[in-house]
Amino acid sequence: MEEFSGDRLNRLTGMLKRRGVLLPAFEIHGGVAGLYDYGPVGGRIRNKVNQSWLNHWLTLGNIVEISSPTITPYSVLDASGHVGEFSDYIIQCNDCEEASRADHLVEDVYPNADSFSFEKLTKVISELKPICPACGSSSWGNIKSQNLMFSTNIGNGLSGRKGFLRPETAQGMFTSFTSIYRHFRERLPFGAVQVGKGYRNEISPRQGMIRLREFNMAELEYFIDPAVNYEHDFSIWEDKFTLISEDEGEIDLTLKDAVQTGIIKHPTVGYFMGMTFDFVREIGINPIHIRFRQHESNEMAHYALDCWDLEVFGSFGWVECVGLAHRGCYDLEAHEKATGERLRSWRSFDKPKIVNIDGWTIDSSTVGPTFKSLAGNIKEEIEKLSAESTFPMDLVIDGNAVTIEEKHVKRIQIEQKISGEWFIPHVVEPAFGIDRLIWHALDHSYTETEKSGEDYTILSLPKAISSIDVTILPLFEKDGIDTLAKKLHITLCKNRNLVANYDGSGSIGRRYARADEIGVPYCLTVDYDSLNDNTVTIRDRDTGNQKRVKIEDLEF
RNA sequence: GCGAGAGUAGUGUAGUGGUUAUCACCGAGCGUUGCCAACGCUUGAACCCGGGUUCGAGUCCCGGCUCUCGCACCA
């Protein structure tokens with residue numbers, strides 16, 4: 001099995017670059033840290049992973065795919081909390097020039113300092129004069145704001161509106177909630193997925209594909225009714241999963257037990273953990289290098305109620321590749337508050353509630369002209385009175401003494417039927433870092449072996465995500481073998497969703513090796529017999545076994 | 001962002017101021033070869049970018065970019 005080492009990593013990245021899988025972007029202009037190209041081989045891998053991901057979640061049956069812009073107005077990300085959360089206030093020590101997070105310096109006194117404004121932090125720092133953790137001095141420069149989102153202007157000049165490139169795709173699902181809700185005939189649960197780019201202006205991207213400035217992500221926002229106990233079938237996953245729980249530490253448990261004992265706090269989160277595991281395994285990540293880690297309460301994102309990361313072990317150690325968060329009602333509530341729009345779901349009561357109102361209200365035709373601007377407050381007070389109240393009555397409204405007479409009030413006796421209520425759905429969100437997953441699929445598939453005493457590498461990618469589905473090899477490019485091979489190539493290429501490759505240069509062994517290196521699952525070799533009986537040999541990448549088949553019987 | 005090291009064909013590398021920049025793999029063409037990186041011939045391809053020092057810079061100096069490592073940061 002794969003044994004991760006720095007040397008192996010160097011050989012792997014060399015191969016990925018040489019063969020056009022993953023390459024530093026814009027390299028002829030010097031390159032940019034944190035930006036990568038998927039090359040001629042990698043491009044289709046990325047596409048197939050995205051498509052498999054979509055297909056995987058669509059099997060739930062209540063999922064729609066949407067696509068929203070990457071350019072996002074300021075107010076959306078302000079409402080979602082990203083403007084605040086993605087901004088760090090940095091302050092530099094005048095003596096040793098070490099930069100520190102301003103809020104960290106004062107959080108002993110103000111534990112909520114990370115939510116302070118620029119002005120408030122400046123004031124608090126000058127009052128507390130915290131000690132520099134690096135040199136012990138307490139002479140500080142000015143606070144600088146550092147935002148990890150790419151900012152831009154939507155429109156030109158003075159009429160331009162401030163915006164950002166989105167740091168996650170999720171907000172598009174929340175801002176489209178009402179449309180999705182109507183699409184599903186206003187019945188929970190349902191989900192919306194989106195596959196697309198996200199952007200974070202990382203301070204120092206490192207570790208190749210692990211931390212990117214522009215990255216591919218795939219997210220599902222699954223909306224549920226918090227009052228319903230959802231039942232899921234956990235019998236599909238009989239094996240134990242490796243869980244690192246906040247309370248229990250590392251334990252091996254079945255998903256069913258983890259949900260029943262409350263280690264996983266919501267059954268839907270548990271079910272999605274199982275689905276996530278299945279997907280990740282399907283695209284070629286070795287299950288023995290997968291674990292789920294629960295976020296500790298103090299590291300949890302601003303919105304989450306419970307959060308599990310799927311982590312994968314590879315050349316860079318354990319890396320979080322998928323985040324599964326129970327976001328509660330945070331996001332919809334935040335956009336509701338910011339916009340005044342209703343982002344809720346209707347829940348009918350089993351039996352309508354009957355509410356009897358028996359009391360008083362004002363006669364606005366007399367209260368209005370008499371009390372003018374106090375009328376509104378008077379109405380509020382009068383409606384609080386019991387049915388037994390009598391008039392005239394002296395009241396103090398906003399510091400003004402008023403006398404309410406009988407002509408100012410009316411008796412009300414109403415029977416009100418309330419058939420249900422509006423509530424904010426809760427959200428369970430699996431968020432996938434596609435690039436990190438592709439990286440680990442490549443990392444785990446890259447197999448270094450020996451063949452007749454020579455180093456030999458095979459990329460044992462699953463068929464589902466291999467870039468080229470089949471390579472056609474003429475044994476020699478002469479005597480009509482090449483003609484037949486080229487004809488076969490063109491015929492196979494006519495199949496939609498099939499990528500066939502023709503390779504006629506170099507010895508046959510060399511060409512097998514080239515195909516193995518980038519993980520082509522099958523090679524078809526055309527030889528002299530093919531000319532007579534219309535058969536070819538099909539050779540399997542992983543076993544090397546060859547079988548002779550008629551061209552018309554090929555299953556491509 | 002700070003500190004240290006590094007950057008030479010597609011990949012991996014040699015090269016301590018002085019000829020046409022080394023070697024291997026690699027790619028392409030031709031020949032040979034009856035199925036797993038064979039062989040022969042031919043051929044392709046590089047000093048990260050920009051300044052400076054010098055008669056002369058891949059080599060020395062400065063700045064930038066990128067990579068690696070450590071620190072910091074990390075929904």
Side-chain angles (χ1 to χ4, degrees), chain A residues 6-7 9-20 23-35 39 77 80-82 84-88 90 92-93 96-101 104 133-134 144 146 148-149 166-168 170-171 198 200-208 210-211 215 217 219 295 299-304 307 309 319-320 323 325 327 429 431 433 450-458 473-479 481 504-517 523-530 536-541 543-546 548:
Chain A
D7 285 345
L9 175 61
N10 286 338
R11 290 189 296 271
L12 170 57
T13 50
M15 185 279 283
L16 294 174
K17 194 175 172 191
R18 181 161 34 85
R19 298 305 308 276
L23 317 88
F26 309 119
E27 212 183 9
I28 63 169
H29 283 272
V32 183
L35 299 181
L77 293 160
S80 69
H82 286 93
E85 277 293 313
F86 271 64
S87 290
D88 291 337
I90 302 289
Q92 206 175 26
C93 171
C96 71
E97 300 192 334
E98 180 80 7
S100 300
R101 285 266 301 265
H104 285 181
K144 280 190 291 190
Q146 196 163 23
L148 294 181
M149 291 190 289
R166 66 182 178 197
E168 59 173 28
Q171 297 310 318
R200 292 177 197 180
N201 204 354
E202 297 287 351
I203 297 167
S204 60
R206 292 278 172 92
Q207 300 175 310
I210 303 303
R211 182 169 303 165
F215 48 94
M217 55 198 322
E219 295 183 296
H295 281 210
E299 86 174 298
M300 213 133 59
H302 54 285
Y303 45 73
C307 192
D309 282 342
V319 172
E320 51 186 273
R327 295 171 79 125
E429 176 201 78
E450 260 190 20
K451 203 165 193 174
S452 12
E454 277 196 81
D455 292 339
Y456 197 88
T457 68
I458 301 177
L473 308 172
L475 192 55
F476 306 109
E477 281 191 305
K478 63 177 186 185
D479 300 336
I481 295 177
S505 80
S507 72
I508 186 75
R510 171 178 302 265
R511 285 177 277 157
Y512 282 135
R514 279 200 282 240
D516 287 339
E517 192 177 37
C523 292
L524 301 179
T525 305
V526 180
D527 60 15
Y528 286 108
D529 291 341
S530 312
V536 292
T537 56
I538 179 164
R539 175 243 194 209
D540 181 277
R541 175 192 68 202
T543 62
N545 293 342
Q546 300 191 96
R548 198 133 197 123

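In what follows, chains are A, B, ... by sequence order, proteins preceding strands, each numbered from 1. Just the heavy atoms: all of them, side chains too, but no hydrogens, waters or symmetry mates, feed the values below.
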Looking at every heavy atom in both [X] and [Y], which two are closest together, and how far apart are they?
X	Y	answer
A/Y456	A/A513	OH-CA, 3.2 Å
A/G323	A/D309	CA-OD1, 3.5 Å
A/A325	A/C307	CB-SG, 4.0 Å

Give the C-alpha distance, both sets of side-chain angles, the deciding distance and a yes or no for side-chain contact (heavy atoms from CB on, under 4.5 Å) between A/R166 and A/M217. CA-CA 11 Å; A/R166 66 182 178 197; A/M217 55 198 322; 6.0 Å; no

Counting Watson-Crick and G-U wobble pairs only, both distances under 3.5 Å, name the nucleotide matched with [N], or none.
N	value
B/G1	B/C71
B/U66	B/A6
B/C41	B/G29
B/A14	none
B/G56	none
B/A46	none

Return the value, rounded to whole Å, for the distance between atom [atom1] of [X] and atom [atom2] of [N].
X	N	atom1	atom2	value
A/L16	B/G10	CG	P	17 Å
A/M15	B/C25	CE	C1'	16 Å
A/K17	B/C26	NZ	C1'	14 Å
A/N10	B/C25	CG	C1'	17 Å
A/I28	B/U66	CD1	C1'	15 Å

Going by the salt bridge (charged side-chain N to carboxylate O under 4.0 Å, His left out) test, which pairs reach into residues 504-514 of chain A, not counting sequence neighbours? A/D503-A/R514

I'd like to know whether CZ of A/F26 has more than 12 heavy-atom contacts from other residues, nucleotides or ligands below 6.0 angstrom. no

Do nucleotides 29-43 of chain B as a string where each nucleotide becomes B, S or -: B if the base has a protein heavy atom under 4.0 Å, S if just the sugar-phosphate does, - if no protein is that close. S---BBBBBB-----

What integer number of Å spans the [atom1] atoms of [N] and [M]?
N	M	atom1	result
B/G18	B/C25	C1'	31 Å
B/G15	B/A9	C1'	15 Å
B/G34	B/A24	P	29 Å
B/U16	B/U59	P	12 Å
B/G52	B/G17	C1'	15 Å
B/G70	B/C60	P	27 Å
B/C23	B/C65	P	36 Å
B/G1	B/C39	P	49 Å

Determine whether A/R327 and A/E168 satisfy the following criterion, salt bridge (charged side-chain N to carboxylate O under 4.0 Å, His left out), listing intermediate values before the conclusion. CA-CA 14 Å; A/R327 295 171 79 125; A/E168 59 173 28; 3.4 Å; yes

Check whether any side-chain heavy atom of A/Q171 lies under 4.5 Å from a side-chain heavy atom of A/L77, and answer yes or no. yes

Side chain proximity check, A/R11 to A/D455, heavy atoms < 4.5 angstrom: no

Listing time: all N or O pairs from protein to nucleotides 67-70 of chain B that are below 3.5 Å?
unit_1, atom_1, unit_2, atom_2, d
B/C69, N4, A/R206, NH2, 3.4
B/G70, O6, A/R206, NH2, 3.0

Test item: A/D479 side-chain N/O and A/I481 main-chain N/O as donor-acceptor pair under 3.5 Å: no

Distance-only, no hydrogens or angles: does the A/E219 side chain make a donor-acceptor pair with backbone N or O of A/A170 under 3.5 Å?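 Confirmed, A/E219 side chain pairs with A/A170 backbone.
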
Only counting residues at least two apart or in another chain, list the ones meeting side-chain hydrogen bond (donor to acceptor under 3.5 Å, both in side chains) with A/E477.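 Only A/Y502 meet the side-chain hydrogen bond (donor to acceptor under 3.5 Å, both in side chains) criterion with A/E477.
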
Set of residues satisfying side-chain hydrogen bond (donor to acceptor under 3.5 Å, both in side chains) with respect to A/D540, sequence neighbours excluded: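 Scan of A/D540 (side-chain hydrogen bond (donor to acceptor under 3.5 Å, both in side chains), adjacent residues dropped) gives A/T543.
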
Earlier contact from the 5' end, RNA chain B, for A/H29 and A/E320: A/H29

Check: protein-nucleotides 44-48 of chain B nitrogen or oxygen pairs below 3.5 Å:
none

